[in-house]
Amino acid sequence: MDGNGRWAKQHGLPRVIGHRRGATALRHVVRACVQRQVQVLTVFAFSSENWHRPETEVKALMVLFMHSLRREVEKLHEAGVRLRFIGERGRFDNALRQKMEAAERLTADNSCMTMVIAVNYGGRWDLAQAARALAAEVSAGQLALDAVNEQALGKHVALADLPEPDLLIRSGGEQRISNFLLWQMAYTELYFTPTLWPDFRVDDLDLALTWFAERERRFGRVESTQPRVGHA
Ligand code: FPP
């Protein structure tokens with residue numbers, strides 16, 4: 001969800017207003033994804049690198065997360081959305097951590113769509129924590145060294161229980177992954193749009209879905225498979 005800061009600058013507003021408008025854009029996109037029967041929607045809300053932003057912006061983002069959770073969780077629950085958070089939670093304050101856990105508990109049995117919010121998440125962190133978990137199994141004698149392979153590591157990365165992402169949408173014009181789901185996105189179709197996130201509307205989502213539907217997905221093979229967005 002890139003481009004909140006630039007959107008604010010273009011409108012002569014503080015960056016935090018850009019993030020607030022970004023939260024509004026997200027609300028519309030989530031609703032549209034449920035309507036379009038997307039199985040899993042993962043959003044990158046705060047990267048491990050975002051702590052390096054000015055303290056006032058980091059604080060404002062934390063307030064916005066808390067406010068958004070207070071405001072949205074009940075509505076998401078009613079819409080049948082299961083909420084999950086991925087990332088290193090230890091750095092967040094207690095109140096926010098408790099709110100995330102409560103949201104996960106409340107919505108655990110919902111099945112319309114899973115919404116994953118990546119907070120203090122980094123793809124390299126994810127791989128390192130998966131490697132640590134595997135190493136612990138080996139050192140406890142639960143796993144043979146020879147059994148350390150892609151499948152074994154894949155069981156420990158975030159979202160291991162969910163289908164791999166089919167489509168990545170990055171707004172804001174940059175064409176890079178920025179340490180998002182590095183392992184999980186090995187075969188993800190990458191869609192980049194110059195639209196700044198606060199301006200991203202349901203029409204932009206539909207453009208991305210239409211683009212995706214025309215992709216030929218071969219997964220390294222010769223024959224293609226029929227595209228269908230399960231995880232965006
Ligand atoms: C990147 O834009 C955006 C963020 C770091 C924050 C994203 C947060 C939201 C959209 C708020 C709502 C989210 C939830 C889960 C409630 P940027 O600031 O890097 O923009 P720039 O590249 O134009 O500076």
Side-chain angles (χ1 to χ4, degrees), residues 1-34 38 40-77 79 81-89 91-93 95-104 106-107 113-123 125 158-159 168-181 192-202 204-205 232:
M1 300 185 286
D2 198 15
N4 296 347
R6 277 165 287 160
W7 183 93
K9 195 170 179 195
Q10 280 176 10
H11 291 78
L13 295 165
R15 291 178 63 87
V16 61
I17 304 294
H19 294 311
R20 274 189 216 154
R21 289 298 182 92
T24 305
L26 178 58
R27 207 173 300 134
H28 295 302
V29 166
V30 174
R31 204 170 304 146
C33 284
V34 174
V38 170
V40 186
L41 171 70
T42 299
V43 295
F44 204 0
F46 195 85
S47 77
S48 12
E49 290 76 29
N50 287 155
W51 294 107
H52 300 302
R53 293 187 173 208
E55 205 187 325
T56 47
E57 183 171 347
V58 171
K59 272 195 180 144
L61 276 167
M62 296 302 139
V63 170
L64 180 61
F65 293 150
M66 194 67 184
H67 174 81
S68 302
L69 289 178
R70 280 205 189 105
R71 190 186 145 133
E72 303 296 337
V73 168
E74 198 57 49
K75 282 187 235 165
L76 290 167
H77 182 46
V81 175
R82 176 169 70 140
L83 273 168
R84 293 260 299 265
F85 296 86
I86 55 167
E88 170 69 79
R89 296 185 200 193
R91 229 175 132 176
F92 294 112
D93 72 27
L96 192 50
R97 285 207 312 254
Q98 280 173 16
K99 199 81 196 152
M100 291 193 253
E101 279 156 28
E104 286 179 327
L106 175 73
T107 62
M113 183 176 85
T114 299
M115 179 176 180
V116 183
I117 304 179
V119 278
N120 194 18
Y121 176 86
W125 165 84
L159 313 182
L168 168 85
I169 302 173
R170 180 172 184 152
S171 62
E174 306 295 356
Q175 302 198 2
R176 52 179 175 252
I177 307 293
S178 297
N179 200 16
F180 197 29
L181 300 160
F192 300 102
T193 168
T195 303
L196 302 176
W197 180 252
D199 287 331
F200 194 92
R201 295 285 172 272
V202 174
D204 297 288
L205 174 71

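Just follow the structure's listing: the first ligand is 1, and inside any ligand the first atom is 1. This structure is a prediction, so every number in the text was calculated from the model and none was measured.
- Annotation: the span from D204 atom CG to I169 atom CD1 amounts to 9.0 Å, rounded to 0.5 Å.
- Polar contact with ligand 1: present for D2 (N/O pair, distance under 3.5 Å).
- The side chain of L64, and not its backbone, has at least one atom closer than 4.0 Å to an atom of ligand 1 (non-hydrogen atoms only; side chain from C-beta on).
- For ligand 1 and R53, the ligand atoms under 4.0 Å from any heavy atom of the residue are 5 (C), 17 (P), 18 (O), 19 (O).
- Closest heavy-atom approach to atom 14 (C) of ligand 1 among the candidates F65, F200, W197: F65.
- Here E72 has no heavy atoms under 4.0 Å from ligand 1, in either its backbone or its side chain.
- Cation-pi contact between R21 and W7: absent, since separation from the ring centre below 6.0 Å together with deviation from the ring axis within 45° is not met.
- Counting atoms of ligand 1 from 1 in the listed order, those under 4.0 Å from a heavy atom of N50 are 5 (C).
- Distance alone, capped at 3.5 Å, is enough to place a donor-acceptor pair between the R170 side chain and the R176 backbone.
- Among all non-hydrogen protein atoms, the one lying nearest atom 6 (C) of ligand 1 is A45 O, 3.4 Å.
- For ligand 1 and M1, the ligand atoms under 4.0 Å from any heavy atom of the residue are 1 (C), 2 (O), 3 (C), 10 (C).
- Using a 4.0 Å cut-off to heavy atoms of H19, the atoms of ligand 1 that qualify are 4 (C), 6 (C), 11 (C), 18 (O).
- Of the possible donor and acceptor atoms, one in the side chain of E104 sits under 3.5 Å from a partner among the backbone N and O of F85.
- Looking at S68 next to ligand 1, no N or O pair under 3.5 Å apart turns up.
- Classification of the F92-W51 ring pair by plane angle, with boundaries at 30° and 60°, yields tilted.
- Nearest-heavy-atom check against atom 9 (C) of ligand 1 across N4, L26, V119 picks out N4.
- Distances from ligand 1 to the non-hydrogen atoms of G3 include at least one value under 4.0 Å.
- Applying the 4.0 Å criterion to heavy atoms of G5 picks out, from ligand 1, the atoms 17 (P), 18 (O), 20 (O), 21 (P), 23 (O), 24 (O).
- Here's the thing with R15: one of its N/O atoms is less than 3.5 angstrom from an N/O atom of ligand 1.
- Below 30°, between 30° and 60°, or above 60°: for Y121 and W125 the angle between ring planes is above 60°, a perpendicular geometry.
- Between the side chain of N179 and the backbone N or O of G123 there is at least one donor-acceptor pair closer than 3.5 Å.
- Minimum heavy-atom separation, P198 to A25: O-CB, 4.1 Å.
- Counting non-hydrogen atoms of neighbouring residues, nucleotides and ligands closer than 6.0 angstrom, the NZ atom of K75 exceeds 12 such neighbours.
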